[in-house]
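Just follow the structure's listing: the first ligand is 1, and inside any ligand the first atom is 1.
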Amino acid sequence: MIQTMTRTPVNVTVTGAAGQIGYALLFRIASGQLLGADVPVRLRLLEIPQAVKAAEGTAMELDDCAFPLLAGVDIFDDATKAFDGANVALLVGARPRTKGMERGDLLEANGGIFKPQGEAINAGAADDIKVLVVGNPANTNSLIAQQHAPDVPAERFTAMTRLDHNRALAQLAKKTGVSVADIKKLTIWGNHSATQYPDIFHAEIAGKNAAEVVNDQQWLADDFIPTVAKRGAAIIEARGASSAASAASAAIDHVHTWVNGTAEGDWTSMAVVSDGSYGVPEGLISSFPVTTKDGKWEIVQGLEVNEFSRTRIDASVAELSEERDAVRKLGLI
Ligand code: NAD
Ligand code: LMR
């Protein structure tokens with residue numbers, strides 16, 4: 001019997017497809033790891049004209065993998081065309097920072113990319129569009145795109161802090177000698193930047209409170225938090241280039257969890273539009289503890305925030321407010 005695809009392919013638009021994250025991401029999407037092992041996908045790749053040829057090379061390699069779930073690859077240098085009919089959009093294309101740069105330095109350089117992309121999503125994306133912004137400064141770029149897509153529900157625009165979440169899981173697992181799978185309810189709050197706050201006060205390790213298991217406030221303040229928050233810079237220092245495979249892996253995790261749901265008794269970290277929860281000003285795209293179900297996310301409510309956490313959440317959120325002011329001044333929102 002000849003087997004054919006019975007489900008309509010999901011259109012996944014990826015920007016910056018010829019970049020280093022793109023190269024680590026596309027093959028995993030095409031193999032079914034983004035949406036599920038039974039979900040066919042059609043890739044729509046967006047690049048700047050100078051990088052289209054390199055994207056074509058990647059498309060040739062995608063062909064050569066003969067992925068059964070890959071229904072096709074189209075390459076564009078025009079955002080309106082690339083986002084037409086998109087069900088999932090991964091906005092990766094942006095300049096990465098290099099040694100010595102802070103993410104804030106990228107605001108102007110990269111912010112300009114996200115206004116036309118938001119407009120293009122507004123113009124032609126599918127009704128169920130879900131957007132993940134990876135390109136830095138991710139939270140504020142997501143805000144820019146969202147502000148230029150008034151017809152798309154704001155909650156469909158998210159930014160990636162899953163890499164920070166995964167980094168925190170790995171550090172905590174190492175410290176306590178457990179498997180990452182034993183850790184639940186960890187949270188990244190705020191901005192995907194050095195001000196982010198990885199919070200273990202509500203986390204559980206094999207059912208026990210993580211902060212109590214660790215019982216080492218100095219490690220928490222002087223080791224764990226800065227190691228997680230500055231990991232991006234440490235990778236740049238070590239590799240001479242910003243994280244790529246781990247960023248691609250986190251993007252896969254983010255969308256997979258959004259579409260397929262969080263496990264019972266656990267949550268994840270996603271930067272989503274604030275409804276004012278936990279004192280985060282409404283409208284900012286800030287990282288929260290989030291559960292997902294049926295393709296929708298919800299901010300976990302009712303967590304007690306201690307003094308230690310409050311100061312750190314407030315500092316990161318203040319930075320997000322400053323970034324919003326800065327892009328306002330630049331006329332990007
Ligand atoms: P890269 O330079 O290797 O690739 C970027 C690609 O984007 C290039 O191919 C470039 O041609 C393309 N591009 C530039 N402008 C574009 C536009 N307007 N439309 C479409 N494509 C465009 O960079 P990379 O290492 O893949 O990183 C991409 C971005 O992701 C950077 O901003 C980086 O800082 C960010 N990043 C975010 C996280 C996170 O956790 N949120 C983690 C790692 C990297
Ligand atoms: C990361 O966290 O690895 C990326 O956002 C790259 C960077 O600039 O830190």
For ligand 1, does [X] get within less than 4.0 Å through its side chain, its backbone, both, or neither, judged by non-hydrogen atoms?
| X | result |
| --- | --- |
| His192 | side chain |
| Gln117 | side chain |
| Ala247 | side chain |

>> Could you check whether Arg310 makes a cation-pi contact with Phe308, meaning its NZ or CZ is under 6.0 Å from the centre of the six-membered ring and within 45° of the ring axis?
In response: no
Look at [atom] and find which of [options] reaches it with the closest heavy atom.
| atom | options | value |
| --- | --- | --- |
| atom 41 (N) of ligand 1 | Val92, Leu45, Val134 | Val134 |
| atom 12 (C) of ligand 1 | Gln20, Arg167, Glu47 | Glu47 |
| atom 22 (C) of ligand 1 | Val14, Asn110, Ile48, Thr161 | Ile48 |
| atom 32 (O) of ligand 1 | Leu91, Leu132, Asn136, Thr15 | Asn136 |

Are side-chain N/O atoms of [X] and [Y] paired as donor and acceptor at under 3.5 Å?
| X | Y | value |
| --- | --- | --- |
| Ser243 | Arg231 | no |
| Thr187 | His202 | no |
| His192 | Asp164 | yes |
| Ser309 | Tyr197 | yes |

>> Regarding Lys185 and Glu204, does a basic nitrogen lie under 4.0 Å from an acidic carboxylate oxygen?
In response: yes
>> I'd like to know if Asp84 and Lys81 make a salt bridge, using a cut-off of under 4.0 Å between side-chain N and carboxylate O.
In response: no
> Which is it for Gln196 and ligand 2 at heavy atoms under 4.0 Å: side chain, backbone, both or neither?
Replying inline: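 Near ligand 2, Gln196 shows nothing, with every heavy atom at 4.0 Å or more.
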> Mind checking whether Gln50 has a heavy atom under 4.0 Å from ligand 1?
Replying inline: no
> Does Ala244 have a heavy atom less than 4.0 Å from any atom of ligand 1?
Replying inline: no
>> Quick test: of every protein heavy atom, which one is nearest to atom 26 (O) of ligand 1, and how far off is it to 0.1 Å?
In response: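 Sorting protein heavy atoms by distance from atom 26 (O) of ligand 1 puts Ile21 N, 3.0 Å first.
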> Is the Trp189 ring parallel, tilted or perpendicular to the Tyr278 ring (thresholds 30°, 60°)?
Replying inline: perpendicular
Within less than 4.0 angstrom of ligand 2, does [X] place any heavy atom?
| X | value |
| --- | --- |
| Arg231 | no |
| Met160 | no |
| Ile235 | no |

> Short N/O distance, under 3.5 Å, between Ser243 and ligand 1?
Replying inline: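 Ser243 vs ligand 1: no N/O contact under 3.5 Å.
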